[in-house]
Amino acid sequence: MSRGGQGAQDAQLDLAGIIVGIRRMAPLCLFVVVFGLAFGVAALSRGLSGLEAMLMSALVFAGASQFAALELWAPRYRCCR
């Protein structure tokens, strides 16, 4: 029995192995991209700048917690004067 799970014994760090890894991770990557876009739209609508939204996504790798933090974020109100 291999320690790394199914197919771990044939993992190699060469071009063919990298292509196999990319193919195996593609379904997960599609979800991550969609989740990131949804968070970006929510963050921008909450008043964060694009840079702030990207930094939060890069530094807070906690999935749904990012959306929970947006609910606590105070919206930016502009002065009426």
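Computed from a predicted structure; not experimentally measured.
Taking A62 as the reference, V60, S65 meet the side chain to side chain contact (heavy atoms under 4.5 Å, CB included) condition, with sequence neighbours excluded. L44 is linked by a side chain to side chain contact (heavy atoms under 4.5 Å, CB included) to nothing, counting only residues two or more places apart in sequence or in another chain. Partners of L59 by side chain to side chain contact (heavy atoms under 4.5 Å, CB included), not counting sequence neighbours: none found. Under the side chain to side chain contact (heavy atoms under 4.5 Å, CB included) criterion, A38 pairs with F67, sequence neighbours left out.
Atom CZ of F39 sits about 11.5 Å away from atom CZ of R46, to the nearest 0.5 Å.
No donor-acceptor pair closer than 3.5 Å links the side chain of E71 to the backbone N or O of A68.
With a 4.5 Å cut-off between side-chain heavy atoms of Ile, Leu, Val, Met, Phe, Trp and Tyr, the cluster of M54 takes in none. The hydrophobic cluster containing L30, built from Ile/Leu/Val/Met/Phe/Trp/Tyr side-chain heavy atoms closer than 4.5 Å, comprises no other residue. Hydrophobic clustering, defined by side-chain heavy atoms of Ile, Leu, Val, Met, Phe, Trp and Tyr closer than 4.5 Å, groups I18 together with L13, I22. Hydrophobic clustering, defined by side-chain heavy atoms of Ile, Leu, Val, Met, Phe, Trp and Tyr closer than 4.5 Å, leaves V34 isolated from every other such residue.
The minimum heavy-atom distance between S57 and Q66, with the atom names listed, is CA-NE2, 3.2 Å.
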